[in-house]
Amino acid sequence: MYQRYFERIPKPLRRLLGRTAQNHPAFIAKLLRKRDAKNRANAKANPGSFVTETQDGSEKYPVVYHTLVCPVHEFCKEHDLMAYLPYLCNLDYVMFAAFSIPLIREKTCSTGDGVCDFKICPSSPVPDIWPPHILDKNDPLK
C-alpha cells in the first residue's frame, strides 16, 4: 500500500526529484536543515515528535541526516511491538526506491543504535525493498 501511494506520483516527477536528490546535495541539505528546524519547533510543542539533524555530507554520502527522536520507535517500545519495528523502518527504503534514490542505513533505533541514519549514495544501486535490511545481519548495506 505504501509503495502504491508513492507510485501515484507521476513517474517523470519522481525521476526529477530523485535526480535532484542525487545531483544537487547542497540543495537537498538546505531543505533538510529547514525541516530540522520545523521538527525541533514541533517537538517543543509536542514532546516525543520526530527530531532530525542533518549532517555534513561526504564525497561518498553527500546527503546524510539522522533521526534523533522517532515516535514510531517509542510507540513500539512502549507497547511491546518491537518485533514489528524493522518492517516499519523498511518503509524508508520503499519511499526512497519510489524516487530511485539509493538509501544506505547503517544505524537504526530498532537495532539499539540510538539514532537512525539516512545516507544517499549516488554511486550505489537502489537497494531492493524486500526483505527488510534491518533484519539481515549479513546485509552488505549495513
Side-chain angles (χ1 to χ4, degrees), residues 1-43 46-142:
M1 181 172 80
Y2 196 66
Q3 185 176 10
R4 285 194 308 259
Y5 171 80
F6 286 105
E7 288 175 353
R8 288 190 336 211
I9 299 169
K11 195 168 190 169
L13 181 57
R14 285 187 284 141
R15 278 194 195 125
L16 175 66
L17 292 170
R19 286 186 188 135
T20 301
Q22 293 184 56
N23 298 326
H24 303 286
F27 175 72
I28 298 301
K30 183 177 180 179
L31 293 177
L32 289 172
R33 284 189 172 88
K34 284 185 178 184
R35 191 193 64 179
D36 294 346
K38 287 180 183 179
N39 286 343
R40 280 191 302 275
N42 184 52
N46 304 291
S49 296
F50 281 103
V51 176
T52 58
E53 185 177 88
T54 302
Q55 309 293 305
D56 291 331
S58 65
E59 190 173 324
K60 183 175 182 180
Y61 302 116
V63 177
V64 178
Y65 69 93
H66 292 169
T67 298
L68 305 175
V69 176
C70 176
V72 177
H73 174 259
E74 295 305 316
F75 179 86
C76 287
K77 191 166 62 173
E78 184 178 316
H79 296 284
D80 196 29
L81 299 170
M82 293 300 285
Y84 298 99
L85 190 56
Y87 300 97
L88 296 171
C89 294
N90 201 63
L91 294 175
D92 298 324
Y93 286 99
V94 173
M95 177 179 58
F96 277 72
F99 296 98
S100 299
I101 300 172
L103 172 66
I104 306 296
R105 300 191 65 194
E106 297 172 334
K107 298 176 183 178
T108 64
C109 293
S110 70
T111 56
D113 291 314
V115 64
C116 294
D117 66 346
F118 293 77
K119 299 175 181 181
I120 294 175
C121 183
S123 62
S124 294
V126 174
D128 292 332
I129 59 173
W130 196 259
H133 302 280
I134 295 165
L135 294 177
D136 187 359
K137 301 288 184 212
N138 299 315
D139 188 340
L141 296 175
K142 291 191 84 175

Problem set entry | Test side-chain contact (heavy atoms from CB on, under 4.5 Å) applied to Tyr84 - qualifying residues, sequence neighbours left out |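 With sequence neighbours excluded, Tyr84 shows a side-chain contact (heavy atoms from CB on, under 4.5 Å) to Leu81, given in chain and number order.
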For this session: Only one of Thr67, Leu85, Leu91 passes side chain to side chain contact (heavy atoms under 4.5 Å, CB included) with Val72; say which it is.
Result: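 For Val72, the side chain to side chain contact (heavy atoms under 4.5 Å, CB included) check succeeds only for Leu85.
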Exercise. Does NZ or CZ of Arg35 fall inside the cone over Tyr65's six-membered ring, less than 6.0 Å from its centre and within 45° of the axis?
Worked result: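 Flagged: Arg35 positioned over aromatic ring of Tyr65.
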Could you tell me the separation between the [atom1] atom of [X] and the [atom2] atom of [Y], rounded to the nearest 0.5 Å?
{"X": "Thr108", "Y": "Leu88", "atom1": "OG1", "atom2": "CG", "answer": "12.0 Å"}
{"X": "Asp92", "Y": "Ile101", "atom1": "CG", "atom2": "CD1", "answer": "12.0 Å"}
{"X": "Tyr61", "Y": "Phe118", "atom1": "OH", "atom2": "CZ", "answer": "14.5 Å"}
{"X": "Met95", "Y": "Leu103", "atom1": "CE", "atom2": "CG", "answer": "8.0 Å"}

Exercise. Where does the angle between the aromatic ring planes of Phe99 and Phe6 fall among parallel (under 30°), tilted (30 to 60°) and perpendicular (over 60°)?
Worked result: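 The rings of Phe99 and Phe6 stand perpendicular, inter-plane angle above 60°.
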Would a distance-only check, ignoring hydrogens and angles, find a side-chain to backbone donor-acceptor pair under 3.5 Å from [X] to [Y]?
{"X": "Gln55", "Y": "Glu53", "result": "yes"}
{"X": "Arg105", "Y": "Asp117", "result": "yes"}
{"X": "Gln22", "Y": "Ser100", "result": "yes"}

Problem set entry | Residue pairs fulfilling salt bridge (Lys or Arg N to Asp or Glu O under 4.0 Å) with at least one residue in residues 71-83, sequence neighbours excluded |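 Sorted pair list: Glu74-Lys77.
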For this session: Determine whether His24 and Arg19 make a side-chain contact, defined as any pair of heavy atoms from C-beta on separated by less than 4.5 Å.
Result: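 No, side chains not in contact.
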Problem set entry | Validation row: Pro102, Phe96 side chains within 4.5 angstrom (heavy atoms) |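 Not in contact.
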Exercise. Any side-chain donor-acceptor pair under 3.5 Å between Thr52 and Asp36?
Worked result: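 Short answer, yes.
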Problem set entry | Considering all heavy atoms, the nearest Val63-Leu32 contact |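 Distance-wise, the nearest heavy atoms are CG1-CD1, 3.6 Å.
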